[in-house]
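Residue numbers start at 1 and run along the sequence shown.
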Amino acid sequence: MEGSLSLIIIIAIVAGIAARVIANFFRVPSIVFLLLFGVALGSNGLNLVQPRLLGDGLEAIVSISVALILFDGGLNLKLQELGKVSASLRNLITIGTLITLIGGGIAAYWLSEFPWTIAFLYAALVVVTGPTVINPIVEEVGLDRRLATILEGEGVLIDAIGSVLAVVVLDVALNPAAGAFEVVSDLGLRLGVGGLLGAIAGWLLGKFLQWATFLAEDTKSAVVVAAVLGLFGIAQEIQSESGLTAVVMMGIILRASEIPNSRDLLKFKSQLVALMVSVLFILLSANLSIPSIFALGWGGVQTVLFMMFIVRPINVIVSTWNSSFTWRQKAFLSWCAPRGIVAASVASLFSLLLTERGVNGGESIKALVFLTIAMTVFLQGLSAKLVAKLLGLNQGDISGLVIVGSNPIGILVARLFQANGQRVSLIDTNAELCKQAAEYGIPAFVSNGLDAKSLAEAGLDSVGTFVALTINTDVNIVIAQLAIQEFNPPKVFAIYVKEMESDRNGKNEVQQAFSFRVPIKTWNQYILQREVRVGEFLLTAEELEEQLNRFNTLFNAGILLPLLFERKGQLQIVAADMTWEKGDRIVYLLYTPKTLPPAEFAVLPPNTLDITPVVLSDLDIAQKTSDSTSSSSQNGKNREGLANPDYFLNMAKDILKGRS
């Protein structure tokens, strides 16, 4: 018997890791192959893994594994990020839970023909989503930070709530005489006790890890594991089924603490949890009876489809009603709700408990839960990347630009991106400047760049680049840091002054735009005075060193300002610490004062700095970005000197066609 038990665990470990390797190779959620491997190795397949031989040990393995999984999920959550989506997340785990419970119960009763108590027990089990299925999808799809945060937060928090809710519903199923007040108070007591114990334990553990600098890293990780399991056991003894809430709260509080070398701890935890999930899911799916799933008939399939296409969208629509999420983001939230390891674990435990108490329906509930897991993982998990791409939510594919600062340089950059076919929007507190930008067809918002709601309205959730270009460099860095905290776009730039090298460590997420010191007021004035030319040149392998020397000569003299560059067909903002490569096409501004003859700038060979054919004074940008206090007569005079208002757009298109 002992040899058989050891062999079962060994096969489960090997199969679980093999399933993860294959899933990583095909870039799909690992639960897909874990489910397939478990069924293939179980009694319905090769019969190599027989979890029933573990007896009560299976229940212990499930409980410990779920506790560590949920703690890891809480540890990966940041309170700061949760605050950005707090209202929607709160609604999803409260109102949304109630909607799922009611909708799932009705579906199981009418479509699967379960008794009401068993139907609502099923609904309580599938309320959860789970970090083990959500997090790999988020990483693979590459969602923007706000959308990823709400999915991850829901997966972690609702696992604990759903598990406690399922226990309460189980109590009702086993004790039908219990009153409504008793049920609600029981739920609140378990959540309250677990949350309080977890918060205290997380704070104490954080303080201990800060103080115990003598601990080796491997010992520190072992201390955390022991603390999690100890808290889970204590919470369960104080109040049954409060342990899961306790470990989630402990993870969230511990993450908020300033723990030395926390990256190593997170890495160890993720590796441990990956192993436990792999083994656990192999064991649970091997213990599944395939005939019981077929016995559900089409009613079971219809129940799951009803949950996917009716209940979940209603849940999301109600929970995010007053949020700043776009309809595309809400659509993805509605689609992405696969069920995972917690649902499978609790369903397996409840099946055993119901059978022991002589209540019919335990095996049917487990079968319907696993059918829900299989259908949601295969349909939603495998298609998540495609759905995100169709909705334009893949962060890797995100283009577009949001600029704070509707000044001459801001409009110039916006026009170039717009000519490249990318979405562009501008934000400025000056209504007149926004009106001038709008005359170019650039969406402009009269607002403060420090207003997160205005940034969302400008589309910062779904663009690839953010730039703060106001004339106040101190404000620029604050706005850029706010953009990172609230939306975390892939690229964030700002014009700001770096006083010393240590400043860089505090602002490493904000890149300096154009150069380390940009006199933006001066360059804006050059544009208004029509003393600037727009040019571009291509770095070639043959003349790369000579080209860069000539380029740097003008740059160091302060008469050339690189703005954008095109690399592999992608238009990007030039960063101050830019490393140039052959094939880069650089778009720049060149100061050409009217007091100096053009001949003095004709020292560069042709095709190196093409400065003559594109003259900014031919554009109406100077007139439209002039001081709003200028007289109307002066503006009229400027209009008379315009050659062609669309010249800049045509020039930008020529540049981006790659002419040499």
Are [X] and [Y] side-chain neighbours, meaning at least one heavy-atom pair lies under 4.5 Å?
| X | Y | answer |
| --- | --- | --- |
| Val62 | Ser348 | no |
| Val387 | Gln380 | no |
| Leu191 | Ser242 | no |
| Ser289 | Glu363 | yes |
| Leu35 | Val377 | no |
| Leu58 | Leu53 | no |
| Ile8 | Pro51 | no |
| Leu254 | Phe71 | yes |

Kindly compute the distance separating [atom1] ([X]) from [atom2] ([Y]), expressed to the nearest 0.5 Å.
| X | Y | atom1 | atom2 | value |
| --- | --- | --- | --- | --- |
| Ser351 | Leu288 | OG | CG | 10.0 Å |
| Asn91 | Thr94 | CG | OG1 | 5.0 Å |
| Ser63 | Leu280 | OG | CG | 9.5 Å |
| Leu54 | Ile9 | CG | CD1 | 5.0 Å |
| Ile150 | Ile93 | CD1 | CD1 | 10.0 Å |
| Ser278 | Ile13 | OG | CD1 | 9.5 Å |

Does a sphere of radius 6.0 Å around [atom1] in [X] hold more than 12 heavy atoms from other residues, nucleotides or ligands, not counting ones at 6.0 Å or beyond?
| X | atom1 | answer |
| --- | --- | --- |
| Trp116 | CH2 | yes |
| Glu59 | CD | no |
| Glu113 | CD | no |
| Asn360 | CG | no |

Would a distance-only check, ignoring hydrogens and angles, find a side-chain to backbone donor-acceptor pair under 3.5 Å from [X] to [Y]?
| X | Y | value |
| --- | --- | --- |
| Ser425 | Val402 | no |
| Glu237 | Ile234 | no |
| Arg312 | Leu333 | yes |
| Asn287 | Leu283 | no |
| Lys330 | Thr320 | yes |
| Gln239 | Arg190 | no |
| Thr326 | Gln329 | yes |

Query raised in the report: Any chance the side chains of Ser319 and Ser88 put a donor and an acceptor closer than 3.5 Å?
Result: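 No donor-acceptor contact under 3.5 Å links the two side chains.
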
Query raised in the report: With a 3.5 Å cut-off and no angle check, do the side chains of Thr372 and Tyr122 form a donor-acceptor pair?
Result: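 Per modelled atom types, Thr372 and Tyr122 side chains form a pair under 3.5 Å.
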
Query raised in the report: Hey, mind stepping through Leu205 and Met250 against side chain to side chain contact (heavy atoms under 4.5 Å, CB included) and telling me if it holds?
Result: CA-CA 9 Å; Leu205 181 60; Met250 183 184 189; 3.3 Å; yes

**Report entry** Arg339 vs Val133, side chain to side chain contact (heavy atoms under 4.5 Å, CB included): CA-CA, chis, key distance, verdict
**Finding:** CA-CA 7 Å; Arg339 273 63 174 184; Val133 284; over 6 Å; no

Query raised in the report: side chain to side chain contact (heavy atoms under 4.5 Å, CB included) between Leu34 and Ser285: does it pass, once the steps are laid out?
Result: CA-CA 8 Å; Leu34 288 172; Ser285 54; over 6 Å; no

Would you name the heavy atoms of [X] and [Y] that are closest together and state the gap between them?
| X | Y | answer |
| --- | --- | --- |
| Met307 | Gly103 | SD-C, 4.4 Å |
| Ala367 | Ser292 | CB-OG, 3.4 Å |
| Ile373 | Ala344 | CD1-CB, 3.6 Å |
| Gly155 | Thr129 | CA-OG1, 3.2 Å |
| Val301 | Leu371 | N-CD2, 3.9 Å |
| Thr100 | Val126 | CG2-O, 4.3 Å |

**Report entry** Trace of the side chain to side chain contact (heavy atoms under 4.5 Å, CB included) decision for Ile137 with Cys336
**Finding:** CA-CA 9 Å; Ile137 292 174; Cys336 190; 4.0 Å; yes

Query - Passing candidate, side chain to side chain contact (heavy atoms under 4.5 Å, CB included) with Leu197, options Leu231, Val247, Thr245 - result: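 Testing each of Leu231, Val247, Thr245 against Leu197, the sole residue satisfying side chain to side chain contact (heavy atoms under 4.5 Å, CB included) is Leu231.
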
Query - Name of the residue among Leu157, Ile102, Val127, Leu92 meeting side chain to side chain contact (heavy atoms under 4.5 Å, CB included) with Thr97 - result: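 Result: among Leu157, Ile102, Val127, Leu92, Val127 is the only option passing the side chain to side chain contact (heavy atoms under 4.5 Å, CB included) with Thr97.
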
Report task. Please list, chain by chain and in numerical order, all residues satisfying ring pair (Phe, Tyr, Trp, His ring centres under 6.0 Å) with Phe232, sequence neighbours excluded. Result ->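 If we apply the ring pair (Phe, Tyr, Trp, His ring centres under 6.0 Å) test to Phe232, skipping adjacent residues, there are no hits.
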
Query - Those residues that, when tested against Ile22, pass side-chain contact (heavy atoms from CB on, under 4.5 Å) (two or more places apart) - result: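 If we apply the side-chain contact (heavy atoms from CB on, under 4.5 Å) test to Ile22, skipping adjacent residues, the hits are Phe26, Phe33, Phe37.
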
Query raised in the report: Do any pairs count as a ring-ring contact (aromatic ring centres under 6.0 Å, His included) and have a residue in residues 326-376, sequence neighbours left out, and if so which ones?
Result: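 Every ring-ring contact (aromatic ring centres under 6.0 Å, His included) pair that includes a residue of residues 326-376, provided the two are not neighbours, is Phe309-Trp335.
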
